[in-house]
Structures are given as structure tokens and as C-alpha cells.
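Below: the structure, in C-alpha cells.
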Amino acid sequence: QVQLVESGGGLVQAGGSLRLSCATSGRTFAGSAMGWFRQAPGKEREFVAAIRWSGGYTLYAASIRGRFTISREIARNTLYLQMNSLKPEDTAVYYCAAGTSVVVTSSYYNYWGQGTQVTVSS
């Protein structure tokens, strides 16, 4: 059984930083894609970033490019999202997901975590 467990969310002031982690278990993700999505209150879930688990290819949403960095540590089976220069509009529940392709479309991701709340105060 695949499990994805996010952590690292919290309350931070605008301009601050947070690092989200997603611990994975239950299968190997070699050849797969891992991604981060977020959902703000009253809004649709949106793509944030994705990475090929084997490395070498990343994809970012335009709204966070240059501020967020996605990475993974294979030995720890853990996905990360380093978030810098946070803005109030980054406030959302952030979800980790595992799928078949490094794409922005959520339907390509088969497994999802429970989410972690990120709140950025102005």
C-alpha cells in the first residue's frame, strides 16, 4: 500500500521560508513522477511543481518559479519543496502526489497525501 505523508507546513510571515517534506512508502518510485499541488480556500487544486523520481527533469508553475525548488532524496524516499520569499497568496493546503508523468494535470497522479497547511501572513 502506497503512503505519502506530508510535513513541514505552518504559519510564516511574508518573505519567509518553509520546507515541506513528503515521506513515501509502500513501493519504489523509480521511473515515476512526484509532484506538489496546492488548494486555497474556495479555489481549485493547482499544480505547483513536479520532478522525475530518477532525476534530471523538473517542472514548475509560473507563479512560483524562482521562489520554490522541488527535490527528492532517493535514499530517504522523501520528496521536498523548499519555499522561499513566501507571499500571502501562497496560503493553501499543499499536497504531495505520485504519478506516471511529470505533468501539471492532477489526473496523471495516482497517489496523494493528506495535505499540510501553509499560511503566510502579511
Side-chain angles (χ1 to χ4, degrees):
Q1 182 179 358
V2 175
Q3 281 194 314
L4 305 177
V5 180
E6 302 97 333
S7 61
L11 174 64
V12 64
Q13 288 189 328
S17 298
L18 282 174
R19 188 176 79 157
L20 305 183
S21 299
C22 174
T24 71
S25 63
R27 57 158 283 183
T28 176
F29 289 95
S32 299
M34 300 276 313
W36 290 96
F37 289 75
R38 67 185 183 186
Q39 187 166 19
K43 294 188 176 181
E44 297 286 323
R45 187 172 298 188
E46 66 173 357
F47 171 79
V48 175
I51 187 170
R52 182 177 295 137
W53 188 253
S54 60
Y57 182 66
T58 57
L59 184 65
Y60 292 95
S63 61
I64 58 84
R65 193 175 295 126
R67 299 189 296 123
F68 293 9
T69 302
I70 189 171
S71 64
R72 84 280 181 266
E73 188 171 355
I74 294 176
R76 292 180 179 269
N77 289 322
T78 302
L79 178 73
Y80 300 102
L81 185 67
Q82 177 66 44
M83 305 186 295
N84 299 328
S85 302
L86 282 160
K87 305 175 181 180
E89 51 263 45
D90 295 318
T91 294
V93 177
Y94 283 71
Y95 297 91
C96 167
T100 56
S101 301
V102 180
V103 294
V104 305
T105 308
S106 61
S107 60
Y108 281 80
Y109 295 84
N110 311 106
Y111 304 100
W112 293 82
Q114 83 290 347
T116 185
Q117 176 70 47
V118 171
T119 303
V120 185
S121 62
S122 57

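Just the heavy atoms: all of them, side chains too, but no hydrogens, waters or symmetry mates, feed the values below.
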Got a sec, which residues hit side-chain contact (heavy atoms from CB on, under 4.5 Å) with [X], two or more places apart in sequence or on another chain?
{"X": "S17", "value": "Q82, N84"}
{"X": "V12", "value": "L18, L86, V120"}
{"X": "T58", "value": "I51, Y60, I70"}
{"X": "A40", "value": "K43, A92"}

For residues 85-122, which residue pairs qualify under disulfide bond (SG atoms under 2.5 Å apart), counting only residues two or more places apart or in two chains?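 Listed by first then second residue: C22-C96.
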Mind checking the [atom1]-[atom2] spacing from [X] to [Y]? Nearest 0.5 Å is all I need.
{"X": "R52", "Y": "S101", "atom1": "CZ", "atom2": "OG", "result": "9.0 Å"}
{"X": "M34", "Y": "T78", "atom1": "CE", "atom2": "OG1", "result": "9.0 Å"}
{"X": "Q3", "Y": "N77", "atom1": "CD", "atom2": "CG", "result": "12.5 Å"}
{"X": "R38", "Y": "L81", "atom1": "CZ", "atom2": "CG", "result": "9.5 Å"}

Just to verify, what does E89 make a side-chain hydrogen bond (donor to acceptor under 3.5 Å, both in side chains) with, not counting sequence neighbours? none
Return the set of residues passing side-chain hydrogen bond (donor to acceptor under 3.5 Å, both in side chains) with R67 (not counting sequence neighbours), or none when no residue passes.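 R67 satisfies side-chain hydrogen bond (donor to acceptor under 3.5 Å, both in side chains) with D90 only.
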Heavy-atom nearest pair, W53 first then R72, reads O-NE, 2.8 Å
Linked hydrophobic residues, L11 as query - side chain contacts closer than 4.5 Å: none
List, by chain and number, the other hydrophobic cluster members for V93, where Ile, Leu, Val, Met, Phe, Trp and Tyr join if side-chain heavy atoms come within less than 4.5 Å, directly or indirectly. F37, F47, Y57, L59, Y95, V102, V103, V104, Y108, Y109, W112
Could you see if L79 belongs to whatever hydrophobic cluster contains I74? Use Ile, Leu, Val, Met, Phe, Trp, Tyr and a side-chain cutoff under 4.5 Å.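 Yes; tracing contacts between hydrophobic side chains, which count when under 4.5 Å, links both residues.
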Go through the structure and list residues passing salt bridge (Lys or Arg N to Asp or Glu O under 4.0 Å) with R45, not counting sequence neighbours. none
Test of understanding: with salt bridge (Lys or Arg N to Asp or Glu O under 4.0 Å), list the residues that count as partners of E44, not counting sequence neighbours. none
Do the side-chain N and O atoms of Y94 and E6 include a donor-acceptor pair separated by under 3.5 angstrom? no
Sequence neighbours excluded - salt bridge (Lys or Arg N to Asp or Glu O under 4.0 Å) pairs with any residue from residues 105-122: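 Listed once each, the pairs would be none.
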Can you tell if the side chain of L20 reaches within under 4.5 Å of the side chain of V118, non-hydrogen atoms only? yes
